[in-house]
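In what follows, a single structure is set out as structure tokens and then discussed.
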Amino acid sequence: MAAKGYAWWQSGVIYQVYPRSFQDSNADGVGDLLGILARLDHLVALGVDAVWISPITASPMADFGYDVADYTGIDPAFGTLANFDRLVAAAHVRGLRVILDYVPNHSSDRHPWFLESRASRSSARRDWYIWRDPAPDGGPPNNWLSEFGGPAWTLDQATGQYWYHAYLPEQPDLNWRNPQVQDAMLEVLRFWLDRGVDGFRVDAIHHLFEDEGLRDNPPNPDWRPGLSPARRVIRAYTMDQAEVHEAIAAMRRVADAYPGERVLIGEAYLPIDRLMAYYGAGLTGFHLPFNFHLLSTPWDARAIAALVERYEAALPQGAWPNWVLGNHDRSRLASRLGPAQARVAAMLLLTLRGTPTIYQGEEIGMTDVPIPPDRVQDPWERRVPGLGVGRDPVRTPMQWDAGAGAGFTGAVEPWLPLPRDWRSVNVAAQEGDASSVLTLYRALLRLRRAEPALSVGAYASVAVDAPDVLAYERRDEATGRRLRIALNLGDGQRVLPGFALGARILLSSYLDDRSSSIQGAIALRPAEGVVVELPVKA
């Protein structure tokens, strides 16, 4: 239920499902749509409002669904359109919204559009992709590099031209300057919206256009061995081009033509000032351009406080903030910060102003899983091994119980390995544990749902003279109710003064009882976060 005067996606919480690893319903080792359906009640019990499902469309799986061979068909590994319709209906009955991944930048090289485009230089769909003649020496047209390593151009021997791909050669970039491409891709949105989808997470949107003049990207003076080869150059001409904003506005017009507050979320790893442009002129762009800055900010109270202030100050008038602390591409919270601080991070994510996104498994404290070389699936890791860019460690199966296959699969071997601790770190083990990570997430989400100050209230930073402590208030301006959040990002006790008589701790990340009134100060234990109810001002 959305807070009064706010859209559901403003007051709600989004949960990301990586479908290959959520729940396998047919014992083939790969998660699927009926598996997600079987686990919807977990999401309801958790207290989230929407499920974002990573790609499920038909794909050769060169990049596990981000190479789309049919934008309006379900990959057989995940099920059928009928399964999908059942899932949407079941989610809606439970009050859950459904958000799909939409991959507009590139298709698969097996897509019928690309096969026709590649057939000849005179093909009717030749201009649906980015084709260019070789450089004078016969090599690639310029110095552009693939995000996954190597040149961003692949030569088609039959036609003598190169095709451009920001990612794998099997992921040729669509030419959004061609009106036919734009029309076809907008029809994809309509197809899924007609089936009841509540919104889209739009993949790699900052790569949608490239410099029409094919200018070389400048060298990156900060690159050094050990970094991703793609960072040898500054992506000045292959990312964040001006034309992208009109394309986003066209997507938004499609979404806005449907009832029920459909939402568009954009994936763009950009500096804050450039990210703000993705809200669009007059807020006609994305409802939520993903804010990934917590992923790269040091786990330091002053650094995070400065980030929040900078981000809040940069938001266009009326724009709604959002926060991300984990996803299918980045190391898990408990691995980055340790189990204790991962609990503090959960409180941060779910009490900042704006829409939070939770990645599957974070609610039970899952960690990155080491992947033996012979089990590596990620094409990025395969192309540039040894740099630590592989994403398999964060995509391993969800750990549901201590039974065979962690309750994820009945197969002998899941598509990615399970960790050593799956028999103890799982949903079932934490269900009855009053101090578990799962219990903490559920408590935080209940509190957020019960308190408009947390779900839609104003944000105000609080200056504290205590090392390692991040503090801020959330305020319900309609009632004057104020909640103060204090997070100890350090490993020692910290005393936080300045609380008026009558202040009361509503929730501690330790999940023990600290409900008695505060007598002027709080002694925060190591890696403890608290939500404090402040007396209403007369």
Side-chain angles (χ1 to χ4, degrees), residues 14 16 145 147-148 166-167 201-207 220-224 226-236 238-240 265-279 286 288-315 321-338 341-359 361-362 366-368 378 380-381 384 387-395 459 461 468 470 472 487 489-490:
I14 297 168
Q16 181 190 359
L145 298 175
E147 292 294 306
F148 288 162
Y167 295 92
R201 176 267 194 183
V202 184
D203 180 65
I205 189 62
H206 50 324
H207 281 290
N220 180 2
D222 296 325
W223 186 88
R224 62 187 185 278
L227 296 179
S228 172
R231 300 299 179 265
R232 283 180 178 270
V233 296
I234 296 170
R235 297 166 293 175
T238 50
M239 199 176 76
D240 193 28
I265 307 167
E267 183 203 27
Y269 286 86
L270 292 170
I272 287 174
D273 58 336
R274 289 160 62 188
L275 183 66
M276 293 301 111
Y278 285 69
Y279 282 102
F286 289 129
L288 300 172
F290 258 148
N291 169 18
F292 297 119
H293 286 269
L294 279 175
L295 291 168
S296 55
T297 299
W299 193 246
D300 172 85
R302 289 183 176 85
I304 294 173
L307 165 66
V308 177
E309 288 290 325
R310 190 166 68 253
Y311 176 73
E312 283 275 356
L315 287 165
N322 72 92
W323 297 95
V324 176
L325 265 173
N327 60 29
H328 62 298
D329 291 332
R330 298 300 181 99
S331 180
R332 286 190 173 276
L333 274 176
S335 291
R336 296 203 316 265
L337 305 178
Q341 288 294 342
R343 298 173 72 103
V344 179
M347 186 169 280
L348 173 70
L349 177 69
L350 295 171
T351 60
L352 283 172
R353 189 176 84 96
T355 306
T357 298
I358 299 169
Y359 178 49
E362 300 289 12
M366 284 178 61
T367 54
D368 298 351
D378 186 4
W380 197 1
E381 176 68 17
V384 287
L387 297 183
V389 296
R391 299 163 296 176
D392 291 337
V394 305
R395 297 178 174 184
Y459 170 90
S461 61
D468 303 322
L470 173 65
Y472 49 92
L487 308 173
L489 276 55

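Computed from a prediction, not measured in an experiment: that's the story for all the values here.
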Report task. Output, in order, the C-alpha distance, side-chain angles, deciding distance and verdict of ring pair (Phe, Tyr, Trp, His ring centres under 6.0 Å) for Tyr279 and Phe286. Result -> CA-CA 5 Å; Tyr279 282 102; Phe286 289 129; 9.0 Å; no

* Stepwise, does the side chain to side chain contact (heavy atoms under 4.5 Å, CB included) test hold for Val308 with Leu352? -> CA-CA 9 Å; Val308 177; Leu352 283 172; 4.1 Å; yes

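Under the rule for a side-chain contact (heavy atoms from CB on, under 4.5 Å), the partners of Val233 that lie at least two apart in sequence or sit in another chain are Asn143, Leu145, Asn217. With sequence neighbours excluded, the residues satisfying ring-ring contact (aromatic ring centres under 6.0 Å, His included) with Phe292 are Tyr269, Phe290. Applying the salt bridge (Lys or Arg N to Asp or Glu O under 4.0 Å) test to Asp468 and every residue at least two apart in sequence or in another chain returns Arg494. With sequence neighbours excluded, the residues forming a salt bridge (Lys or Arg N to Asp or Glu O under 4.0 Å) with Arg391 are Asp63, Asp329, Asp378, listed by chain and number. Considering only residues two or more places apart in sequence or on other chains, Tyr167 meets the ring-ring contact (aromatic ring centres under 6.0 Å, His included) condition with His106, Phe148, His207. Remark: Trp323 pairs with Tyr311 by the ring-ring contact (aromatic ring centres under 6.0 Å, His included) rule, at least two apart or across chains. In this view, Pro221 and Ile234 satisfy the side-chain contact (heavy atoms from CB on, under 4.5 Å) rule, not counting sequence neighbours. Under the rule for a salt bridge (Lys or Arg N to Asp or Glu O under 4.0 Å), the partners of Arg231 that lie at least two apart in sequence or sit in another chain are Glu147. In terms of the side-chain hydrogen bond (donor to acceptor under 3.5 Å, both in side chains) criterion, Thr357 has no residue partners (sequence neighbours excluded). Every residue was checked against the side-chain hydrogen bond (donor to acceptor under 3.5 Å, both in side chains) condition with Glu362, not counting sequence neighbours, and none meets it. Every residue two or more places apart in sequence or in another chain was checked for a side-chain hydrogen bond (donor to acceptor under 3.5 Å, both in side chains) with Arg343, and none qualifies. Every residue was checked against the salt bridge (Lys or Arg N to Asp or Glu O under 4.0 Å) condition with Asp368, not counting sequence neighbours, and none meets it.
Look at Asp203 and Arg201 and you find a salt bridge, because one of the NZ, NE, NH1 or NH2 atoms lies within 4.0 Å of a carboxylate O, short of that distance.
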